[in-house]
Undergrad: 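Structure in structure tokens, see below.
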Amino acid sequence: MSLQKPRGTQDFLPQDVEKWHYIESKARDICRRFQYNEIRTPIFEHTELFQRGVGETTDIVEKEMYTFLDKSERSLTLRPEGTAGVVRAYVENKLHGAVDVQKLYYMGPMFRYERSMAGRYRQFHQFGIEAIGSADPAIDAEVIALGYLFYEEMGLRNVRVELNSVGTPQCREQYREALRQFFQPNLDKLCKDCQSRFERNPMRILDCKVDGEYCQGAPSILEFLDEESEQHFLKVQQALTAMGIPFNINPGLVRGLDYYTHTAFEYMADGIGSITTIGGGGRYNGLVGQIGGQDKPGVGLGLGLERLLLIMEAQQIGVPPQNPIEIYVVGLGEEAEARATALVFELRKAGISAERDYLQRKMKGQLKAADRLEAAYVAILGEDELARGEIVVKTMATGHQESFALEQFVQQMFVILKSRSPQHL
RNA sequence: GCGGUCGUGGCGAAGUGGCUAACGCAUCGGAUUGUGGCUCCGACAUUCGAGGGUUCAAUUCCCUUCGAUCGCCCCA
């Protein structure tokens, strides 16, 4: 095969898209209840937006961006995450002028040039929310709660919330320095990776699976929080507790984007190789100012939908069928088939999902197809029925069948289908 | 970016330096002239990811390349 999809991309076939529709409708519904409204921003932005927003020294900006020049030599980049674009749109469209906190959500593809593996793609999809305009810890908790409830309503089991505060940039700098001092004496005993983390991002050493023993007694970020950060963190915890959202304080939690302040959190789930993080987020006071607006505090989250799908599969969580066939019309013989074409169209006009055979199969084959496609009813139209001005309707689940007058068929099917429980409609 | 494993029909999966490339599922046809799910019978890969090389002969050996997957790194 000479033409293949680019590495790290996926084709979503109809049975996959069915799952996507389901997830998306659940996401939209939860946003409706939490009063978040959808925003759609461009798939590509000026490269500078991400450099400034996500941070020059992050892995994302340093080596994972899909950056290209357009025909006018502008440097553009396919968005690697959702927040920067939303914040840019917030600033550019002066949404700060609105009466209330802006509560926004988005869903769509993101792009990062990385080695692909299970649950990690170069084009992947996120559902995210952003609340801009309030520094109230209650809204941090609301954001965390929305994500938690979303996973819960999707049927996921054993989702954990890991929570941390990374304080202000000043707290963090002091903390990094303290960590370097702590690890300095054992620096040559740390694993190769951690030695490189030492300069770049000493907070990550705490995550290391190899050097656990050297982390004993390491200072915690929480000791370096200033009074205000500490209060904020406490109130987030209180709000979560009040809502009954379980969480686990993890002082080692560090996120991969530079813009986080105070609250940082991740959702974790088991069962997909080495990947356990399925979503995360945090507060980003200062980002709006950095993008060029009047400074406004914000908080948000991003959930990886491929990873959600992976966990759903691992936990065998099914998706209700999205487009079942209500009536399959079997036409036998030339005249009946011509009539079947018209009947199917009439049914469809009446709002019924109807299908027929297009492969010239015999009766048996058509019924088999109807069975496989899980049609609720089959309508059989042959020479005999045609001569009598009738059509036979068979209920597939029971095998029961009866004759209807051809003239009243569509009307009667409409009534029958309407009287059934909504899940079959 | 580094290291390991892998790539055979729609799907799953055996296999061998040479004779028609097992088998299972699915599909199609028949047994059952117009009635699905069960059973039985039959059909279904000039071809083994792509390109090149070695050879009388390659799906099998070698090289390159593309892709998948696992671990590291990092993350969603």
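Letters go in sequence order (proteins before strands), and every chain restarts at 1.
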Undergrad: For the pair made of CD in A:Gln123 and C1' in B:rG67, what is the distance, rounded to whole Å?
TA: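 Taking atom C1' of B:rG67 as the reference, CD of A:Gln123 is at 17 Å.
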Undergrad: Has the side chain of A:Ser353 got a donor or acceptor atom that lies under 3.5 Å from a matching backbone atom of A:Pro324?
TA: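 At least one qualifying donor-acceptor pair exists.
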Undergrad: Does B:rU35 have OP1 or OP2 under 4.0 Å away from a side-chain N or O of A:Lys368?
TA: no
Undergrad: When you measure only distances, ignoring hydrogens and angles, does the side chain of A:Arg115 come within 3.5 Å of the base of B:rC75 through a donor and an acceptor?
TA: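 No such pair is found, so the answer is no.
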Undergrad: Write down the distance separating the P atoms in B:rU65 and B:rC2, rounded off to the nearest Å.
TA: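 Straight-line distance between the two P atoms is 12 Å.
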Undergrad: Can you measure A:Tyr106 atom OH to B:rA76 atom P for me and round it to whole angstrom units?
TA: 10 Å
Undergrad: Tell me the interatomic distance from A:Glu383, atom CD, to B:rU33, atom P, rounded to whole angstroms.
TA: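 Whole-Å distance recorded here is 17 Å.
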Undergrad: Mind checking A:Glu81 for me? I need base, sugar-phosphate or nothing, with any heavy atom below 4.0 Å counting as a touch.
TA: nothing
Undergrad: With heavy atoms under 4.0 Å as the rule, sort A:Lys63 into base, sugar-phosphate or nothing.
TA: nothing
Undergrad: Rounded to the Å, how far apart are A:Leu359 CG and B:rU27 P?
TA: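 Going from A:Leu359 (CG) to B:rU27 (P), I get 13 Å.
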Undergrad: Under 3.5 Å, is there a donor-acceptor pair between the side chain of A:Glu385 and the main chain of A:Gly382?
TA: yes
Undergrad: In whole Å, what separates the P atom of B:rC73 from that of B:rG15?
TA: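 To the nearest whole Å, 36 Å.
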Undergrad: On a plain distance test, is the side chain of A:Arg7 in donor-acceptor contact with the base of B:rA68 below 3.5 Å?
TA: no
Undergrad: Please give, in whole Å, the distance from B:rG34 P to A:Leu367 CG?
TA: 11 Å
Undergrad: With a 3.5 Å cut-off and heavy atoms only, can you find an N or O donor on one side and an acceptor on the other between the side chain of A:Gln401 and the base of B:rU35?
TA: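 Answer is yes: a donor-acceptor pair is held.
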Undergrad: Would the base of B:rG29 count as contacting A:Arg361 through its side chain, where contact means a donor and an acceptor less than 3.5 Å apart?
TA: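 Side chain to base: no pair present.
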Undergrad: Tell me the partner of B:rA45, counting only Watson-Crick (N1-N3 plus N6-O4 or O6-N4) or G-U wobble (N1-O2 and O6-N3) with both under 3.5 Å; none if nothing fits.
TA: none
Undergrad: Does the plane of the ring in A:Tyr151 sit parallel, tilted or perpendicular to the ring in A:Tyr267? Use 30° and 60° as the thresholds.
TA: perpendicular
Undergrad: Return the value, rounded to whole Å, for the distance between atom CG of A:Leu310 and atom C1' of B:rU69.
TA: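 Distance check: A:Leu310 CG to B:rU69 C1' gives 12 Å.
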Undergrad: Please tell me which of the listed nucleotides, B:rG34, B:rC75, B:rA68, lies nearest to the side chain of A:Lys362?
TA: B:rG34
Undergrad: Is the NZ or CZ atom of A:Arg122 positioned over A:Tyr113's six-membered ring, under 6.0 angstrom from the centre and within 45° of the axis?
TA: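 The answer is yes, since A:Arg122 meets both limits relative to A:Tyr113.
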Undergrad: Check the distance between B:rU35's C1' and A:Tyr328's OH and give it to me in whole angstrom.
TA: 13 Å
Undergrad: Can you classify the ring geometry of A:Phe409 versus A:Phe404 as parallel (below 30°), tilted (30 to 60°) or perpendicular (above 60°)?
TA: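 Because their plane-to-plane angle is over 60°, the rings of A:Phe409 and A:Phe404 count as perpendicular.
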Undergrad: Which of the following nucleotides, B:rC75, B:rG29, B:rU35, is nearest to the side chain of A:Arg120?
TA: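 Per side-chain heavy atoms of A:Arg120, the pick is B:rC75.
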Undergrad: Ignoring hydrogens and angles, are the base of B:rA76 and the side chain of A:Glu266 linked by a donor-acceptor pair under 3.5 Å?
TA: no
Undergrad: Say we look at B:rG10 and B:rC28: how far apart would their C1' atoms be, to the nearest angstrom?
TA: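 Nearest-Å result for B:rG10 against B:rC28 at atom C1': 13 Å.
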Undergrad: Rounded to whole angstrom units, what separation is found between the CG atom of A:Asp371 and the P atom of B:rC28?
TA: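 Taking atom P of B:rC28 as the reference, CG of A:Asp371 is at 12 Å.
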Undergrad: Is it the case that B:rU35 (base atoms only) and A:Lys364 (side chain only) share a donor and an acceptor within less than 3.5 Å, ignoring hydrogens and angles?
TA: no
Undergrad: Is there, by distance only and without an angle test, a donor paired with an acceptor across the side chain of A:Glu385 and the base of B:rG34 below 3.5 Å?
TA: yes
Undergrad: When rounded to the nearest Å, what value does the distance between P atoms of B:rU33 and B:rC19 take?
TA: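 My reading of the P atoms in B:rU33 and B:rC19 gives 44 Å.
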Undergrad: Please state whether the base of B:rU27 and the side chain of A:Arg372 form at least one donor-acceptor pair under 3.5 Å?
TA: no
